[in-house]
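Read through the structure below, which is laid out as C-alpha cells, and then see the notes.
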Amino acid sequence: MSKKLLLEKAHVEGIRYYDVYRREGGYRSVEKALKTMGPEAIVEEVKKSGLRGRGGAGFPAGMKWSFIAKPEGVPRHLVCNADESEPGTFKDRYLMEFIPHLLIEGLIVSSFALGSNDTYIYIRGEYAWIVDILEQAIEEAKQNGFLGKNILGTGFDCNIHVQRGAGAYICGEETALIESLEGKRGNPRIKPPFPAVQGLWMRPTVVNNVETLAAVVPIINMGGEEYAKIGVGRSTGTKLISACGNINKPGVYEIDMTISVEEFIYSDEYCGGIPNGKKLKACIPGGSSVPILPANLLLKTAKGKTRYMNYESLGDGGFATGTMMGSGGFIVLDEDQCVVRHTLSLARFYRHESCGQCSPCREGTGWMEKILKNIEYGHGKLSDIDLLWDIQRKIEGNTICPLGDAAAWPVAAAIRHFRDEFEWHVLHPEEAQKRNYGLAHY
Ligand code: NAD
Ligand code: SF4
C-alpha cells in the first residue's frame with residue numbers, strides 16, 4: 001500500500017474546518033518553519049526533498065525557488081496555480097475540496113520562504129464552490145494567527161487572495177495566468193524572462209501548482225531527506241493521480257511512485273481493472289497533453305522492463321516508445337474505444353483553447369481538427385495521415401507556449417502507434433460513416 005502524505009487525513013470528518021485540521025496536527029509546519037527555520041533553510045529542505053513540480057512539467061521546485069530574484073525594495077510574490085483544466089486531471093480539485101487547510105498551510109510556509117507578503121491562488125472559474133471553501137479556510141487561518149499581520153509573533157505578514165479564472169484553459173500557463181491576474185487578456189508571454197525574474201507586475205514571482213505547495217507541508221514536518229527516501233530515483237515523495245476512463249474505480253489516488261502501471265490499473269486498491277472484462281487498449285497516463293501509449297508499451301517498455309508509475313519509467317523510450325508523467329491525469333481506453341475519435345476530441349479542445357497569438361498553433365490546431373474530422377467521418381484520404389503528421393511536426397517547438405506542443409504530441413503518438421486505425425477509417429468510409437450516425441454535431 002502506498003504511503004499517504006497528502007490525503008491521509010482527507011476523510012477525517014470535519015477536516016475541512018480549522019479546529020479538526022489543527023487537532024489532527026495541522027499547521028505544525030508553519031510553527032516549525034517560521035519559528036525555527038529561516039527562509040534559506042526552508043528552500044534547502046525543499047531542494048533536498050527532490051520535489052518536482054506537480055502541475056505537469058516536473059521542474060525541480062527547490063531549484064525554481066532558488067532562482068527567484070531579490071532586487072532591493074521590490075516585492076516578491078507566490079502564485080498558486082489552481083487553474084486545473086488539463087483534460088483528465090482533477091487531483092487539485094480533490095485536494096482543495098476535501099483538505100483545503102493543507103494547501104493554505106503549504107502556502108504560508110512557501111510564502112515565508114520566498115518573501116511573499118501577498119500570495120495569490122488563481123483558481124479555475126468552474127471550481128466556484130471551492131472558492132468558498134478556500135476563502136473560509138483562509139479566514140479561519142487568519143482568525144487563529146496563521147495569516148495576516150505578524151504571524152505567530154515572528155514579524156512576518158502574509159495575506160492570501162483568491163482570484164477566479166473565467167474559463168480559459170490557456171490561463172493555466174503560468175505567464176498567461178499572470179497576465180490574467182493583472183487584469184489583462186490571458187496571452188502567454190515569451191520566456192525568458194521567467195516569472196522568477198519578472199512575473200506578476202514585473203516583480204519576481206514563483207508560480208507553483210496546488211499539489212506542489214501542499215507537499216511542502218510533509219517536507220518541512222519530516223525533513224527533505226526523509227521525504228526523498230519515499231519513491232524512487234528522481235521521482236521522490238508521493239504523487240496524486242486522477243484516474244478516469246474505462247476503469248472500475250475512477251477517482252483520485254495518492255501513490256508513492258514505486259508501483260507498476262499494471263498494478264495501478266488492475267489492483268483493487270487503485271483502478272480495480274477494466275469493466276466487463278474488456279481488454280486494455282491504450283492509456284494517456286499524464287493528462288491529455290502527453291503521448292498516448294498502446295497496452296503493450298504501457299505495461300512494459302520496448303526493452304521488456306516493467307513500467308512504473310513515475311517520471312523516469314513512464315518516460316523510458318522517449319516519445320518513440322514512451323510517454324510522460326505529466327499532471328497525473330490517467331485516462332484508460334478499453335478495446336472498444338476509437339483512437340481516431342479520441343484524437344479528434346483532443347484536437348477540437350486545443351483548437352478551441354488556442355489563444356491565437358502564434359500562427360503554427362492558431363492555424364495548425366484548426367487544420368488538424370478538420371483533417372481528423374474528415375478521417376473520422378469517412379471522408380479522408382490516405383495522404384491525409386501524412387499531412388497530419390507534417391502539420392503536427394511544424395507546430396512542435398515553434399510556438400510561444402507549450403499549448404502548441406500539447407496539441408501536436410497526442411496527434412503524433414496516435415499516428416505512430418495506431419496508424420492502422422486511421423487507415424481503416426479511410427479504407428472503410430461507409431462503415432466509418434455508419435459508426436458515426438447521429439454524431440454529426442461533432
Ligand atoms: P516549463 O517546462 O516551461 O516550466 C516549468 C517551470 O519551471 C516554470 O514555472 C518555469 O518558469 C520554470 N523554469 C524553467 N526554466 C527556468 C529557468 N531557467 N529559470 C527560472 N525558472 C525556470 O513548463 P510549463 O509551461 O510550466 O508547464 C507545462 C506543463 O504543464 C505541461 O507538461 C502540461 O502537462 C502541464 N499542464 C498542466 C495543466 C493542469 O491542469 N495541471 C494544464 C495545462 C498544462
Ligand atoms: Fe497562444 Fe497557442 Fe501560441 Fe500558446 S502556442 S501562445 S496558446 S497561439
Side-chain angles (χ1 to χ4, degrees), residues 6-27 29-30 54-55 77-87 89-111 116-149 151 157-169 171-172 174 176-178 180-183 186 200 207-217 240 242 244 250-252 254 327 329:
L6 304 179
L7 300 184
E8 189 192 359
K9 308 270 171 142
H11 296 294
V12 172
E13 204 181 333
I15 197 76
R16 196 183 273 173
Y17 303 104
Y18 173 85
D19 290 345
V20 179
Y21 184 74
R22 182 75 171 140
R23 193 184 68 216
E24 292 289 327
Y27 289 101
S29 74
V30 179
R54 302 300 199 221
H77 296 289
L78 171 63
V79 175
C80 170
N81 187 345
D83 193 55
E84 181 175 58
S85 320
E86 183 84 333
T89 310
F90 46 91
K91 63 181 180 78
D92 295 337
R93 177 181 81 187
Y94 190 90
L95 194 148
M96 292 187 286
E97 182 169 358
F98 291 101
I99 186 157
H101 279 285
L102 185 71
L103 173 62
I104 305 304
E105 182 174 354
L107 278 169
I108 299 166
V109 173
S110 309
S111 299
S116 168
N117 303 118
D118 282 294
T119 288
Y120 296 84
I121 301 174
Y122 185 96
I123 185 165
R124 178 178 181 175
E126 291 87 339
Y127 287 178
W129 78 103
I130 299 177
V131 173
D132 296 339
I133 293 173
L134 289 175
E135 281 180 339
Q136 177 173 350
I138 290 167
E139 189 52 38
E140 287 181 329
K142 201 182 249 174
Q143 279 168 11
N144 287 281
F146 286 102
L147 275 174
K149 286 219 163 295
I151 297 172
D157 303 338
C158 184
N159 285 305
I160 298 177
H161 314 272
V162 183
Q163 175 65 47
R164 262 178 83 180
Y169 168 76
C171 289
E174 59 178 0
L177 186 158
I178 287 169
S180 174
L181 253 187
E182 290 179 357
L200 189 59
V207 184
N208 278 143
N209 167 262
V210 168
E211 184 188 346
T212 313
L213 291 161
V216 171
V217 175
L240 299 184
S242 54
C244 63
V252 176
E254 184 170 8
S327 58

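- Sorted by first and then second residue, the pairs that involve residues 125-135 and meet salt bridge (Lys or Arg N to Asp or Glu O under 4.0 Å), not counting sequence neighbours, are R124-E126.
- Separating the NZ atom in K91 from the CG atom in L7 is a distance of 10.5 Å, to the nearest 0.5 Å.
- With a 4.5 Å cut-off on side-chain heavy atoms, T119 and C158 count as touching.
- Atom OH of Y120 is separated from atom CG of N159 by 9.5 Å, given to the nearest 0.5 angstrom.
- Heavy atoms only, all atoms of each residue included: F90 and Y127 are closest at CA-OH, 4.3 Å.
- Every residue two or more places apart in sequence or in another chain that forms a ring-ring contact (aromatic ring centres under 6.0 Å, His included) with F98 is listed here: Y94.
- Separating the CD atom in Q163 from the OG atom in S180 is a distance of 6.5 Å, to the nearest 0.5 Å.
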Problem set entry | Working for side chain to side chain contact (heavy atoms under 4.5 Å, CB included), residues S111 and N117 | CA-CA 7 Å; S111 299; N117 303 118; over 6 Å; no

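- Between V12 and Y21, every side-chain heavy-atom pair lies at or beyond the 4.5 Å cut-off.
- Proximity of V216 to N208: side-chain heavy atoms (C-beta onward) are nowhere separated by under 4.5 Å.
- To the nearest 0.5 Å, atoms CE (M96) and CG (L102) are separated by 12.0 Å.
- The shortest side-chain heavy-atom distance between F146 and E105 does not fall under the 4.5 Å cut-off.
- A pairwise comparison of heavy atoms in T212 and R54 identifies OG1-N, 2.9 Å as the closest pair.
- Rounded to the nearest 0.5 Å, atoms CD1 (I104) and CD1 (I138) are 4.5 Å apart.
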For this session: Determine, step by step, whether E13 and V20 satisfy the side chain to side chain contact (heavy atoms under 4.5 Å, CB included) criterion, reporting the C-alpha distance in whole Å, the side-chain angles of both residues, the deciding distance to 0.1 Å, and the verdict.
Result: CA-CA 8 Å; E13 204 181 333; V20 179; over 6 Å; no

Problem set entry | CA sep, side-chain torsions, deciding dist, call: E182, I178, side chain to side chain contact (heavy atoms under 4.5 Å, CB included) | CA-CA 6 Å; E182 290 179 357; I178 287 169; 3.8 Å; yes

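- Taking all atoms of both residues into account, the shortest heavy-atom contact from I15 to H101 is O-CD2, 4.4 Å.
- C171 and D83 get closest at one heavy-atom pair: C-OD2, 3.3 Å.
- Among all heavy-atom pairs drawn from Y169 and P87, the shortest one is CE1-CD, 4.4 Å.
- The line from CG of L134 to CD1 of I123 is 5.0 Å long, rounded to the nearest 0.5 Å.
- For residues 139-148, no pair satisfies salt bridge (Lys or Arg N to Asp or Glu O under 4.0 Å), with sequence neighbours left out.
- When every heavy atom of V217 is checked against every heavy atom of G106, the shortest pair comes out as CG2-N, 3.4 Å.
- At least one donor-acceptor pair closer than 3.5 Å links the side chain of N209 to the backbone N or O of E211.
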Problem set entry | Chi angles and distances behind the side chain to side chain contact (heavy atoms under 4.5 Å, CB included) call for Q136, Y17 | CA-CA 8 Å; Q136 177 173 350; Y17 303 104; 3.2 Å; yes

